[in-house]
Amino acid sequence: MSPILNITGATKRFHTPDGKSVTALDDVSLRVEQNEFVTLLGPSGCGKTTLLRAISGFEGLESGAIEIAGSPVTHLPAHKRPVNTVFQNYALFPHMTIAKNIAYSLDVADTPKKEISERVGKMLDIVGLAGFGDRKINQLSGGQRQRVALARSLIAQPKILLLDEPLSALDKNLRHKMQQELKSLQAEFGIAFVFVTHDQEEALTMSDRIVVLSDGKIQQHGTPEDLYRRPKTEFVARFVGESNLFEGHVVEASSQNALVQIGNGQKVSINKSGLREGVKVKLLARPEDLSVGHNADREGLKFKAKIDQLFFVGADYQILATTHDGLAIKATLRPSAQSRDPIGSPRSEIEFFIDKEALHVIAAEAVHE
Amino acid sequence: MISSKTNVDRRRIMLLGLLVPPTLFLLVFFIVPLTIMVIYSWLEPGLYGGVVWNFYDLNYGRILGWADSRYEKFDPVYLAIFFKSVRLALTTVLICLFVCYPAAFWISKMSDTKKNLFLFLVTLPFFVSLIVRLFAWVLILRPTGFLNQALMGTGLISEPLQIIFTDTAVIIGMTYVFIPFMFLPLYASIEKLDMSLLESSSDLGATRLQTFRRVILPLTLPGIIGGSIIVFIPALGNFIVPSLLGGAKVLMIGNLIEQQFLSARNWPFGSALGMIVMAAILVLLVYYVKMMTREDRLARTPSIKEVQ
Ligand SMILES: Nc1ncnc2c1ncn2[C@@H]1O[C@H](COP(=O)(O)OP(=O)(O)OP(=O)(O)O)[C@@H](O)[C@H]1O
Ligand SMILES: [Mg+2]
């Protein structure tokens, strides 16, 4: 089946008044399947909004092409594209009632009045705003406005719904609720959602697939597990989730394995092919991959460290520590069910162990496979 | 309790102190002259100026159609002049609107420094006396003036156009004078317009025309109406522009009133004419206020209930 959205080689440069140029999109290619929830993730200014605006038709491309449902739309004006956007500030029409806002796309398409009122009524039900149709926008809370914006976009039956940081203005509880609602709306409507956020946690929880952008380039895309477990670059490793990165180089390489020596001289053999001898690498371990104490039967990395800070966060302890050779370490430790003793205290000594299976190798100069 | 009460009292007194001077000012300089006008308009004109203290409704009769032929004659020319003034004022409003609307849009999209420069330029004419500026227009529009010279120089016309002392000249002059009055309220409402609304409109499938009709126009309507009223009122009663650029040929209601007070010395009749103009404007304003309050009421009805 052909993808619902196919972007090839999209490039966009902005020229600032002082004569410089910013490359907001640099040869971006992306396919989104029907029914997929794709998240664009990246730091501020990496081009997420620009990519979304290129899809919706508000930003032209220097080069590259965009296809929606198999037909090219690169030169189609925004109002003719079968996509709708939920804007960050919602951009609801303040002079219209909620029902009128939601009906807008049907109104401009001269849909019969009767059909409009039926569909608007149904939509109000779906987003939980039944009975609110006659209100004006300034009589709604942030979460309610959010729902109106969603309803207004979804009623137009777009092939793709674009959402630009729609949850960033909401407080944490409402955010979580809206995250779930968005997911269930997506399932209900069965259309592709392209969702923008710079909140990696939000990206991990919501997405079928995450696209990490930086400086206008796609760094990596894949499932949340892919990005979390197997980041291809240090940037992705640091941006998605918390990370411990150990610099090192390959001292011995065979077809299956590589022996990596890290800064403090420890060597560990890693199950990874395709590494040449002498290449610089980084070893990634997530905080929850660390355990306390020494496990003699397993191969891995060991660090003696001093605890700097220790936070009790309910189920886990989060520990910030410094190893004796000066590496900063983040660990998330869960006390075992048998012993509920505190794991340690600030300034106390601790010994960490990282199983070699948990280590993920990142080539320092990103080798793109 | 007691102290809070004296506090309230003290605030009352302060409020009174603040409100009394402007109230007195309005009373003396606004209400009193207005009352004099209203009373005079119902008094009999004296033979050599001044008034005779008699109730007399023929000042209005002369204008509106009842007259006792022993004293006054109904003359439709007054109503004709009134309606002509309305027509000229409306034309001025429309031209101002068509000039200012796109200009305000264009300026609102500029960078801040340019914006300020243009706003300054718009208010620049206020620094020069109105009379001087209107004389400049006389120089431009007269048969041997700049405009005709230029047009003849390019060969577009062979004889000078008679513009000065016509309705056209008056409209040009009034448009020129009142453009800043239209521009500023329009600009204020256009500047406030959230550009992302235009994008969301076209995102939802609206063409540019639909976006204009359904989003831009209703949201800038307060500016349009405000600017139109602010231009219409002084344009309707204007007498300087028609007397300079209309000469003896174009008479507006303002000139008529001026003549009654200054040359004919018929204050009661002048007052009656003034009252007619005021009544027309009052009707307009009441309508405007009604519309605005309705909008307001619409904008804040029932209380907010959080949906769970
Ligand atoms: N209209 C514009 N003119 C000039 N530069 C622009 C314009 N729009 C965006 N840029 C630049 O392009 C780059 C990408 O911007 P974009 O808005 O896509 O970032 P973003 O990823 O959405 O960031 P954020 O998370 O802060 O919203 C930025 O460097 C920005 O300064
Ligand atoms: Mg953005």
Side-chain angles (χ1 to χ4, degrees), chain A residues 17 52-53 56-59 77-97 100-111 124 127-132 134-144 147 149 152-153 155-158 162 164 174 177, chain B residues 107 109-117 185-186 188-226 288 291-308:
Chain A
L52 221 56
R53 289 170 60 82
S56 58
F58 293 119
E59 216 74 81
H79 69 270
K80 291 198 177 144
R81 297 195 186 188
V83 299
N84 286 109
T85 310
V86 175
F87 293 84
Q88 178 166 7
N89 64 355
Y90 313 145
L92 299 173
F93 304 120
H95 59 299
M96 295 180 192
T97 62
K100 272 281 169 202
N101 261 283
I102 296 178
Y104 192 82
S105 60
L106 305 180
D107 272 338
V108 297
D110 287 327
T111 313
L124 282 167
V127 295
L129 286 174
F132 279 66
D134 292 331
R135 293 242 190 125
K136 283 244 175 157
I137 298 308
N138 57 2
Q139 300 164 343
L140 293 188
S141 69
Q144 291 167 339
R147 282 170 232 233
R152 187 181 66 171
S153 296
I155 204 169
Q157 300 177 325
L162 309 173
D164 193 354
L174 197 53
K177 209 168 97 185
Chain B
I107 293 175
K109 290 209 171 143
M110 291 179 173
S111 69
D112 278 355
T113 41
K114 271 198 190 162
K115 246 189 233 178
N116 288 335
L117 175 71
L186 261 189
S189 73
I190 287 175
E191 164 88 325
K192 264 197 329 214
L193 187 68
D194 181 355
M195 292 300 155
S196 69
L197 294 181
L198 313 192
E199 285 195 346
S200 87
S201 169
S202 93
D203 185 72
L204 292 163
T207 60
R208 279 161 175 253
L209 193 65
Q210 284 172 321
T211 300
F212 180 74
R213 264 204 27 237
R214 289 165 186 266
V215 181
I216 302 179
L217 204 57
L219 285 176
T220 52
L221 200 60
I224 295 175
I225 295 179
Y288 170 68
M291 251 180 58
M292 285 297 125
T293 44
R294 204 196 55 198
E295 288 264 304
D296 239 30
R297 257 207 318 281
L298 271 184
R300 49 185 120 135
T301 20
S303 63
I304 300 168
K305 241 192 282 152
E306 179 68 41
V307 194
Q308 291 308 320

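Just so we're on the same page: letters track the sequence lines, and every chain starts at 1. Just so it is clear, the values below take in all heavy atoms, side chains as well, and ignore hydrogens, waters and symmetry mates. Small disclaimer: the values here were computed from a predicted structure and weren't measured.
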Report which part of [X] has an atom under 4.5 Å of a heavy atom belonging to chain A: side chain, backbone, both, or neither.
| X | result |
| --- | --- |
| B:Arg214 | both |
| B:Ser201 | both |
| B:Asp194 | side chain |

### Task
Side chain from CB out, backbone as N, CA, C, O: work out which of these in A:Ile155 comes under 4.5 Å of a heavy atom of chain B, or both, or neither.
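It is neither, since no heavy atom gets under 4.5 Å.
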### Task
Identify which part of A:Asn89 has an atom lying under 4.5 Å from any heavy atom of chain B, answering side chain, backbone, both or neither.
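Contact with chain B: side chain only.
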### Query
Do you know which of A:Ser56, A:Ala109, A:Gly57, A:Pro94 has the most heavy-atom pairs under 4.5 Å to chain B?
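With the most close heavy-atom pairs to chain B, the winner is A:Pro94.
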### Query
Looking at CG of B:Asp203 and CZ of A:Arg152, how far apart are the two atoms once the value is rounded to the nearest 0.5 Å?
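The distance works out to 8.0 Å.
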For [X] versus [Y], what's the shortest heavy-atom pair and its separation?
| X | Y | value |
| --- | --- | --- |
| A:Ala91 | B:Ser200 | O-OG, 3.1 Å |
| B:Val215 | A:Tyr104 | CG2-OH, 3.5 Å |
| A:Val108 | B:Leu204 | CG2-O, 3.8 Å |
| B:Glu199 | A:Phe58 | O-CZ, 3.0 Å |

#### Entry: Test side-chain hydrogen bond (donor to acceptor under 3.5 Å, both in side chains) applied to A:Thr111 - qualifying residues, sequence neighbours left out
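Testing A:Thr111 for side-chain hydrogen bond (donor to acceptor under 3.5 Å, both in side chains), a comparison that skips the adjacent residues, returns none.
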### Message
So which residue, B:Ser196, B:Ser111, B:Ala206, ends up with the most heavy-atom pairs under 4.5 Å with chain A?
### Response
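Of B:Ser196, B:Ser111, B:Ala206, B:Ala206 has the most heavy-atom pairs under 4.5 Å with chain A.
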### Task
Have a look at B:Ser202 and tell me which of A:His79, A:Arg81, A:Lys80 forms a side chain to side chain contact (heavy atoms under 4.5 Å, CB included) with it.
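With B:Ser202 as partner, side chain to side chain contact (heavy atoms under 4.5 Å, CB included) holds for just one option, A:His79.
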